[in-house]
Every structure is written in C-alpha cells, then in structure tokens.
Trainee: 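Sharing a structure here in structure tokens format.
Below, all heavy atoms of this structure are taken into account, side chains as well, without hydrogens, waters or symmetry copies. This is a predicted model, so every value here is computed, not measured.
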Amino acid sequence: MTTQCRVDVKAGTITCPAGQVESFEPGQVVQFDPEVCGACALRAQCTHAASGRGRSVRLGEDEGL
Ligand code: SF4
C-alpha cells in the first residue's frame, strides 16, 4: 500500500492513506490528528513522527500547479 496522501487543491483538502482528511491553505504544514495516527496500522510505514504526534505534511504555495 502507498503511504502518499491525496491532495484536492480545489476542495483544499488532503487525505492520508488511511482516509483521514484535513483542510489546508497553500504553503501550510498540515498536522494529522495524533490520536488517529497513534492508533493507525499504517503508522510505521507512514511517518517518523515522534510518539504522541501525528504525521505532518508541508503543502507548497504552488500546490495547484
Ligand atoms: S499514520 Fe496518520 S497520516 Fe498516516 S495513514 Fe495513519 S492516520 Fe493517516
């Protein structure tokens, strides 16, 4: 399974491989919910975030290009 997130620039949302959805603004760092990430079976392949933290993803200012 891929650990890439899906970005919907039009909707301004990013969806992680397990289906967790966060909204974002271009140039922002998105933090996924640490509680959801902590219990996620994909965590080991998905993120190196410290215990108690969720995956973070930086979106480019030009993400829509
Ligand atoms: S660790 Fe977090 S970001 Fe990664 S797949 Fe699981 S819920 Fe999604």
Trainee: Enumerate donor-acceptor pairs with a distance under 3.5 Å from any side-chain N or O in residues 8-34 to protein atoms, sequence neighbours excluded.
Mentor:
unit_1 : atom_1 : unit_2 : atom_2 : d
Asp8   : OD1    : Lys10  : N      : 3.2
Asp8   : OD1    : Ala11  : N      : 2.9
Gln20  : OE1    : Asp33  : N      : 2.7
Gln28  : OE1    : Glu25  : N      : 2.7
Asp33  : OD1    : Glu35  : N      : 2.8

Trainee: Considering all heavy atoms of both residues, which atom of Arg43 and which atom of Arg53 are nearest to each other, and what is their separation?
Mentor: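 Closest approach of Arg43 to Arg53, heavy atoms only: NH1-O, 3.0 Å.
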Trainee: Are Leu59 and Val7 packed together at the side-chain level, in the sense that at least one heavy-atom pair is separated by less than 4.5 angstrom?
Mentor: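 Heavy-atom side-chain distance check passes, below 4.5 Å.
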